[in-house]
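In what follows, a single structure is set out as structure tokens and then discussed.
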Amino acid sequence: MVGGWIFLLIEFWVLLVLAASFGVFAGWIIWGWPRSIAKTPPSSIVEHDAKP
């Protein structure tokens, strides 16, 4: 009887850790992409230098 309860507690904690890990991974995918991928508009200095 005690062995069944221990198994249930271990299963509960393992599933909780898996769910938290999946949540962190999904959050990183949605909100955490590297900012270097985003394109920034050219500055006015670069535009001025390009047109003499």
Share the residues that join Leu16 in a hydrophobic cluster, the rule being Ile, Leu, Val, Met, Phe, Trp or Tyr side chains under 4.5 Å apart at the heavy-atom level. Phe12, Trp13
Roughly how far apart are Ile29 CD1 and Phe22 CZ, rounded to 0.5 Å? 10.0 Å
Hydrophobic clusters join Ile, Leu, Val, Met, Phe, Trp and Tyr when side-chain heavy atoms are under 4.5 Å apart, directly or via other members; which others share one with Leu9? none
